[in-house]
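I have placed the structure first, in the form of structure tokens, so that the comments after it can refer back to it.
Each ligand, and each atom within it, is numbered from 1 in the order the structure gives. The first residue in the sequence is number 1, and the count goes up from there.
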Amino acid sequence: MRLESTRHQSPPVSFRDALLRGLAPDGGLYLPAAWPAVTLDDLRAWRTLPFPDLASQLARRLLDGEFADAVIDGLVREALDFPVPAIEVEPGRFVLELFHGPTLAFKDFGARFLARFFSHVLAGQGGHATILVATSGDTGSAVAQGFHLVPRVRVVVLYPRGKVSPFQEAQMATLGGNVTAVRVGGTFDDCQRLVKAAFLDGTLAALGLSSANSINIGRLLPQAFYYVAGYLAVARQVGDELVFSVPTGNLGNLTAGVIARRIGLPVSRLVAATNSNRVLPDYLESGVYRARPSIATLSNAMDVGDPSNFARLLELHGGSADEVRRVLYCTATSEDETRATIRRVYERTGYVLDPHSAVGWTAADRFAASPGGSSRPIITLATAHPAKFDAAIRQALGFAPPLPDAYADWRARPLAAIDLDQADYPQFRRLLVSDC
Ligand SMILES: *Cc1c(COP(=O)(O)O)cnc(C)c1O
């Protein structure tokens with residue numbers, strides 16, 4: 001498999017190299033230079049496969065001979081060992097539940113796949129790595145859980161004290177083993193500054209610092225798999241065109257949908273659903289990309305003012321805003337609309353959407369009612385379990401949905417975070433060197 005940078009100023013690399021590097025040396029993002037084709041016959045043959053087997057077939061196609069099939073099968077089965085149910089909430093309107101992994105949000109797909117391939121590649125080189133992540137909640141917990149007990153990798157996750165939910169904190173700071181949680185007296189931006197300073201610190205080379213953020217191609221590719229699974233679960237006949245509605249922040253999930261379509265999945269439109277952070281809808285309206293500070297919303301994992309996968313999205317459409325418009329229907333949803341959708345869907349159907357999924361559902365409603373809309377089935381990606389965002393659900397419905405039984409004891413697990421009272425780099429550096 002060969003990957004090229006979206007900036008075309010650095011040489012092509014293998015998947016192994018793209019995985020370890022994350023960002024290309026020219027500052028661009030890696031994308032495969034060529035795409036495999038998935039045919040309707042393939043889709044028919046795969047229709048009855050359980051999700052891990054379907055994911056293995058797709059990974060074999062995409063990785064194109066870079067790993068033995070048996071290696072891919074083993075790593076994928078270990079990484080993606082949870083169900084991906086499609087539920088018809090209203091006639092023709094489905095949700096694809098992507099929250100049955102360990103952190104109850106869809107980032108588990110990318111983080112768990114990345115972790116296992118990363119460790120496998122390191123083993124081939126006899127190497128070790130330290131993954132540094134700064135997080136405002138969801139990414140850090142998915143990465144920490146994804147790499148927990150994975151050999152050859154140590155994870156250091158930094159989060160702002162008091163600014164992540166208690167459940168998210170428990171998911172990062174109670175793991176132990178190869179995961180070190182650092183609780184910083186500061187903001188998310190302070191955490192990110194510490195991580196950046198460490199990456200620029202040449203004296204830390206021996207630690208093999210690496211990142212696992214959403215620009216890593218190893219997090220992106222596995223997200224295309226659940227689009228195929230959702231399609232096969234919902235399409236009456238293979239070949240029928242469907243619509244996906246995607247709650248969107250950093251554009252990773254949406255880009256994975258574009259990739260699924262590119263390799264041959266019959267998807268007529270992708271609905272790009274943003275909250276009040278309107279960079280993408282404004283770009284599609286004006287043709288001018290303008291980054292801006294993010295705005296805090298109920299769907300806070302989508303509060304992104306400069307989405308890092310934008311370069312990939314554009315490159316996949318030949319750099320043309322018109323081409324992006326042809327494929328995407330993009331619309332922004334306000335806070336009031338988000339709460340109203342949670343209430344309306346619950347009152348009509350008894351189904352509880354989390355705030356991110358509710359943004360997706362609202363956009364799907366608007367698409368279905370628009371002039372270019374269609375009566376095709378629409379699959380809204382449900383990106384998080386509603387219990388993870390209980391405060392927002394309580395605002396909308398007056399009660400909080402329960403966590404799944406397996407999480408009943410999470411408050412009882414002791415926190416083992418290291419406190420960093422200020423975002424002080426020398427202190428953080430000492431911690432990295434002594435702990436790793
Ligand atoms: C990260 C996240 C999103 C946004 O996904 P992107 O790939 O960044 O667009 C949506 N919902 C939830 C619950 C998330 O954690």
Show me which atoms of ligand 1 lie under 4.0 Å from any heavy atom of [X].
X: T248; result: 9 (O)
X: G252; result: 6 (P), 7 (O), 9 (O)
X: A384; result: 13 (C)
X: G249; result: 4 (C), 6 (P), 8 (O), 9 (O)

Among protein heavy atoms, which lies nearest [atom], and at what distance?
atom: atom 10 (C) of ligand 1; result: M302 CG, 3.6 Å
atom: atom 12 (C) of ligand 1; result: T383 OG1, 3.5 Å
atom: atom 5 (O) of ligand 1; result: F106 CZ, 3.3 Å
atom: atom 7 (O) of ligand 1; result: N253 N, 2.9 Å
atom: atom 8 (O) of ligand 1; result: N250 N, 2.8 Å

Side chain or backbone of L251 under 4.0 Å from ligand 1, or both, or neither, by non-hydrogen atoms?
-> backbone

Counting heavy atoms only, which part of D138 comes closer than 4.0 Å to ligand 1: side chain, backbone, both or neither?
-> side chain

For [Y] together with [X], are the ring centres under 6.0 Å from each other?
X: F94; Y: Y231; answer: no
X: F118; Y: F113; answer: no
X: F109; Y: Y226; answer: yes
X: H385; Y: F99; answer: yes
X: F15; Y: Y30; answer: no

Could you tell me whether D354 and ligand 1 have an N or O pair separated by under 3.5 Å?
->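 N/O-N/O distance below 3.5 Å does not exist for this pair.
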
Would you verify whether the NZ or CZ of R112 falls within 45 degrees of the ring axis of F117 while also being under 6.0 Å from that six-membered ring's centre?
-> no

Knowing that exactly one of T349, I378, I379 qualifies, which makes a side-chain contact (heavy atoms from CB on, under 4.5 Å) with R93?
->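 Per the side-chain contact (heavy atoms from CB on, under 4.5 Å) rule, the option paired with R93 is I378, out of T349, I378, I379.
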
Going by heavy atoms, is L254 under 4.0 Å from ligand 1?
-> no

Between T333 and R366, does a side-chain contact (heavy atoms from CB on, under 4.5 Å) hold up when you go through it step by step?
-> CA-CA 10 Å; T333 292; R366 212 169 290 151; 4.0 Å; yes

Are N309 and T255 close enough that a side-chain donor and a side-chain acceptor fall under 3.5 Å?
-> no

Atom 2 (C) of ligand 1: which of K107, Q223, H356, K388 has the nearest heavy atom?
->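 Result: the heavy atom closest to atom 2 (C) of ligand 1 is in K107.
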
